[in-house]
Amino acid sequence: MIVFDQARRPILAIGSAGGAYIIATVAKTLLENLDWKRDIQSAIEAPSFANRNGATELESGTALEALRPPLEAMGHTVEPTHIPSGLHGIAIVGRRLFGGADPRREGIALGE
């Protein structure tokens, strides 16, 4: 996905090889980076969550598992699970590029 600012300049490019979780991991990263102002690497590394028209899935072994009781109290079916991602991204800030790569899979962001 390529995100543009109001002047139609690209500010973010992200994508994932996560299969069934591509939409969820891309959406999570957009929220983390654009709305919550986290840098691209931190946004990518943040725990993942999804709902693919069934149970609400929370990335197992992360702080998100603490949301299980309140979500179940609201009637959600919740499943902690492994959520594969392979999200990589580039944030464009001014004239600088910042890369991020998901540590859950292979790949790193390099640059000078």
Rounded to the nearest 0.5 Å, what's the gap from CD1 on Ile22 to CE on Met1? Could you check?
11.5 Å

Given the options His82, Lys28, Arg52, Tyr21 meets side-chain contact (heavy atoms from CB on, under 4.5 Å) only with Arg52

Measure the shortest side-chain to side-chain distance between Val3 and Ile14 over non-hydrogen atoms and say whether it is less than 4.5 angstrom.
no

Kindly indicate whether the side chain of Leu67, heavy atoms from C-beta on, has any atom under 4.5 Å from the side chain of Thr56.
no

Consider side-chain contact (heavy atoms from CB on, under 4.5 Å). Of Thr29, Asp102, Ile44, which one does Ser85 pass it with?
Asp102

Working to the nearest 0.5 Å, report the span between CG of Asn51 and OG1 of Thr77.
9.0 Å

With the threshold set at 4.0 Å, does a side-chain nitrogen-carboxylate oxygen contact exist between Glu72 and Arg68?
yes

Rounded to the nearest 0.5 angstrom, the CG-CD1 distance for Leu58 and Ile83 is 7.0 Å

In terms of hydrophobic clustering (I, L, V, M, F, W, Y; side-chain heavy atoms under 4.5 Å; direct or indirect links), are Leu71 and Leu31 co-clustered?
no

With no hydrogens and no angle check, is any side-chain donor or acceptor of Asn33 less than 3.5 Å from a backbone partner on Trp36?
no

Quick check on Ile90: does its CD1 atom have over 12 non-hydrogen neighbours (other residues, nucleotides or ligands) under 6.0 Å away?
no

Linking I/L/V/M/F/W/Y whenever their side-chain heavy atoms sit closer than 4.5 Å, directly or via other members, would Val26 and Ile2 fall into one cluster?
no

Can you see which heavy atom on Arg104 is nearest to which on Glu59, and at what distance?
NE-OE2, 2.8 Å

Should Ile40 and Ile11 be counted in the same cluster of Ile, Leu, Val, Met, Phe, Trp and Tyr side chains packed under 4.5 Å apart?
yes

In terms of hydrophobic clusters joined by side-chain contacts under 4.5 Å, are Phe4 and Leu30 together?
no

Sorted by chain and residue number, the side chain to side chain contact (heavy atoms under 4.5 Å, CB included) partners of Asp39 (sequence neighbours excluded) come out as Gln41, Ser42

Reported CD1-to-OG distance for the pair Ile23 and Ser16, which is rounded to 0.5 angstrom
11.0 Å

Quick one: does Arg38's side chain have a donor or acceptor within less than 3.5 Å of a partner on Ala46's backbone?
no

In short, Leu64 meets Ser48 closest at the heavy-atom pair CD1-O, 3.2 Å

Could you grab the distance from atom CD of Glu106 to atom NE2 of His88, nearest 0.5 Å is fine?
7.0 Å

Where Ala24 and Ala50 come nearest, the two heavy atoms and their spacing
CB-CB, 3.6 Å

